[in-house]
Amino acid sequence: MVNLSIKKSLYTILYSLFFFMIGWWGNDYYNSKLISYPDPISIIKPKPLEKYTVENLSKTEVKPVKLILRIIFLTLNLILH
């Protein structure tokens with residue numbers, strides 16, 4: 001009786017190991033057939049906000065402009081009173 005239990009356990013372990021190995025091999029085979037894409041780190045991505053870095057903004061020339069704040073003050077004065 002004990003011998004049958006050990007035999008059954010041994011067969012169960014061997015079947016499990018066999019199907020585990022088939023699954024591992026199938027996964028490796030499936031992944032080797034997939035199209036490999038380039039590494040996303042190696043792809044140069046556009047940097048749309050690069051023009052707003054300190055280095056680039058310091059290189060630009062800005063024309064002086066006369067600001068007229070009188071309109072803003074008059075508007076605020078009308079709103080507050």
Side-chain angles (χ1 to χ4, degrees):
M1 197 67 141
V2 174
N3 193 14
L4 184 63
S5 175
I6 294 173
K7 197 175 196 180
K8 188 175 181 182
S9 298
L10 184 63
Y11 280 131
T12 303
I13 291 171
L14 287 176
Y15 283 137
S16 299
L17 183 64
F18 176 73
F19 284 112
F20 178 78
M21 289 173 54
I22 288 177
W24 191 280
W25 175 81
N27 185 31
D28 283 344
Y29 181 76
Y30 175 75
N31 287 332
S32 69
K33 298 297 179 185
L34 293 178
I35 299 172
S36 62
Y37 293 102
D39 187 22
I41 296 174
S42 65
I43 298 173
I44 298 173
K45 296 181 181 179
K47 299 178 182 176
L49 298 177
E50 188 174 358
K51 61 184 176 181
Y52 297 112
T53 61
V54 173
E55 293 85 20
N56 289 335
L57 286 175
S58 65
K59 294 176 186 176
T60 59
E61 291 184 27
V62 179
K63 297 178 183 178
V65 178
K66 182 179 179 182
L67 292 176
I68 302 175
L69 298 176
R70 186 174 181 197
I71 297 171
I72 296 173
F73 287 128
L74 286 175
T75 309
L76 284 175
N77 194 11
L78 290 173
I79 292 172
L80 293 175
H81 286 89

For this session: Give the other cluster members for Val54, using side-chain heavy-atom distances under 4.5 Å between Ile, Leu, Val, Met, Phe, Trp and Tyr residues; answer none if it is isolated.
Result: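 Hydrophobic cluster check, Val54: no partners found.
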Problem set entry | Transitive ILVMFWY cluster of Met21, excluding itself - 4.5 Å side-chain cut-off |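 Taking Ile, Leu, Val, Met, Phe, Trp and Tyr as members, Met21 shares its hydrophobic cluster with Leu17.
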Exercise. Can you list every side-chain hydrogen bond (donor to acceptor under 3.5 Å, both in side chains) pair that touches residues 55-64, not counting sequence neighbours?
Worked result: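 Listed once each, the pairs are Thr53-Asn56.
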Exercise. With sequence neighbours left out, which residue pairs that include part of residues 18-27 fulfil the side-chain hydrogen bond (donor to acceptor under 3.5 Å, both in side chains) condition?
Worked result: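 Checked against side-chain hydrogen bond (donor to acceptor under 3.5 Å, both in side chains) - neighbours excluded - the pairs reaching residues 18-27 are Trp24-Asp28, Asn27-Asn31.
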Problem set entry | Leu14 side, atom CG; Ser9 side, atom OG - distance, nearest 0.5 Å |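 Going from CG on Leu14 over to OG on Ser9, the span is 11.0 Å.
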Exercise. How long is the gap from OH on Tyr11 to CD1 on Ile6, to the nearest 0.5 Å?
Worked result: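 Answer rounded to 0.5 Å: 13.0 Å.
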Exercise. What pairs with Phe18 under side chain to side chain contact (heavy atoms under 4.5 Å, CB included), at least two apart in sequence or on another chain?
Worked result: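 Side chain to side chain contact (heavy atoms under 4.5 Å, CB included) check on Phe18 returns Ile22.
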